[in-house]
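Here's the structure, in structure tokens; my notes come after.
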Amino acid sequence: MAKPNSDDFTSKRHNSFHWTRKVGSDENDDVSAHNPLPDSSTKPLPEPKHNPSSSSSSSTVITPKRKLQSFAVSRLRSVIASLSSRARPGNNSGLGSRVVGTLFGSRRGHVHFSVQKDPTSPPAFLIELATPISGLVKEMASGLVRIALECDKAKEEGGGGGGESETRRRRGGGGDKTIPRRLVEEPMWRTYCNGKKCGFATRRECGEKEKKVLKALEMVSMGAGVLPETEETSVGGGGGGGDIMYMRAKFERVVGSRDSEAFYMMNPDSNGAPELSIYLLRI
């Protein structure tokens with residue numbers, strides 16, 4: 001029987017030792033990373049890589065939450081905007097601190113005063129004064145003009161039968177509900193010009209004639225002049241007639257309270273007090 005060669009046995013043993021060590025090192029990378037061997041000949045193991053599965057799972061949790069929050073905020077804004085627009089149907093709200101004011105009327109007619117957000121928007125406030133426009137022109141030529149418009153507050157009645165000035169009734173799901181009337185919605189005003197009583201002013205709806213006059217003045221940002229009167233643009237009470245006189249300027253709007261507002265004409269050529277001021281008071 002042949003005797004096994006010692007060299008072959010040694011090489012097989014050596015190869016099996018290295019194979020066992022390689023498999024063991026691959027399987028115990030995590031253990032050796034936490035408990036490194038004291039042997040200086042071993043190479044440092046690479047740092048553990050970031051697990052992409054954990055980041056993807058965290059992103060899948062955070063991203064839907066952010067989307068849900070943004071959707072809820074946008075939905076809330078749209079609901080608030082729709083409710084605010086439905087609260088006052090047909091009303092031109094959103095006047096800022098700078099508005100466009102226009103005084104116009106026929107030579108032999110009455111003064112119309114219009115307040116707009118911009119020259120192309122419909123008027124948010126339109127009244128007809130009992131003062132003839134020729135008289136207003138004379139007052140403004142002599143100096144500063146102060147026009148005060150006063151109205152009375154409504155008296156609350158228990159029976160709820162009479163006319164309503166300050167409040168309006170609106171039917172809702174819970175029955176009748178009163179909402180306060182805005183100051184520019186008052187129908188009748190007592191008029192004072194530089195302290196002198198000048199009859200009454202009446203709130204007007206913007207009709208076709210008023211719309212055409214304001215349409216013709218869209219390109220006018222500031223100034224005064226005369227428009228030739230036609231059958232379509234004839235405005236002003238008291239019979240009317242004659243060309244249409246107008247004056248347009250920027251007005252500063254100041255809101256004191258629910259019952260007081262003021263419009264001050266802004267004149268860039270004057271450093272003193274405004275030439276024309278209009279006050280709305282509910283007393």
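On a predicted model such as this, the values are computed, not experimentally measured, just so you know.
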Salt bridge between Lys250 and Glu252, side-chain N to carboxylate O under 4.0 Å?
no
Check this for me, if you would: do Arg253 and Glu261 make a salt bridge, where the nitrogen-to-carboxylate-oxygen distance has to be below 4.0 angstrom?
yes
Heavy-atom side-chain proximity of Met247 to Met140 below 4.5 angstrom:
yes
Report yes if some heavy atom in the side chain of Val213 is under 4.5 Å from a heavy atom in the side chain of Ile244; otherwise report no.
yes
Let me see the working for Leu129 and His110 under side-chain contact (heavy atoms from CB on, under 4.5 Å), right down to the final yes or no.
CA-CA 6 Å; Leu129 285 73; His110 296 161; 5.9 Å; no
Would you say that Val100 contacts Phe251 through its side chain, given a criterion of any heavy-atom pair below 4.5 Å between the two side chains?
no
Pair Glu185 + Arg203, salt bridge at N-O below 4.0 Å
no
Would you check if Phe113 and Ile278 make a side-chain contact, meaning some heavy-atom pair closer than 4.5 Å?
yes
Are Arg107 and Val226 packed together at the side-chain level, in the sense that at least one heavy-atom pair is separated by less than 4.5 angstrom?
yes
Between Thr102 and Arg248, do the side chains contain an N or O donor and an N or O acceptor separated by less than 3.5 Å?
yes
Phe263 vs Leu276, test: side-chain contact (heavy atoms from CB on, under 4.5 Å). Steps then yes/no.
CA-CA 8 Å; Phe263 298 93; Leu276 176 62; over 6 Å; no
Check the hydrophobic clustering (I, L, V, M, F, W, Y; side-chain heavy atoms under 4.5 Å; chains of links allowed) and say if Val184 and Tyr264 are grouped together.
no
Quick one: does Glu186's side chain have a donor or acceptor within less than 3.5 Å of a partner on Leu183's backbone?
no
Using the ring of each side chain (for Trp, its six-membered ring), is His112 parallel, tilted or perpendicular to Phe104, with breaks at 30° and 60°?
parallel
Pairwise side-chain contact, Lys209 with Lys212, heavy-atom cut-off 4.5 Å (strictly under)
no
Answer whether the closest heavy-atom distance between the side chains of Tyr279 and Ile147 falls below 4.5 Å.
no
In sequence, state the C-alpha distance, the side-chain angles, and the governing distance for Glu275 and Met266, and then conclude on side-chain contact (heavy atoms from CB on, under 4.5 Å).
CA-CA 8 Å; Glu275 297 180 2; Met266 302 170 62; over 6 Å; no
What do the steps show when you test Thr191 against Leu149 for side-chain contact (heavy atoms from CB on, under 4.5 Å), and what is the final call?
CA-CA 5 Å; Thr191 308; Leu149 304 175; 3.6 Å; yes
Under 3.5 Å donor-acceptor, Asn267 side chain and Pro274 backbone:
no
Electrostatic pair Lys153:Asp259 at N-O distance under 4.0 angstrom
yes
Leu136 side chain near Val145 side chain, heavy-atom distance below 4.5 Å
yes
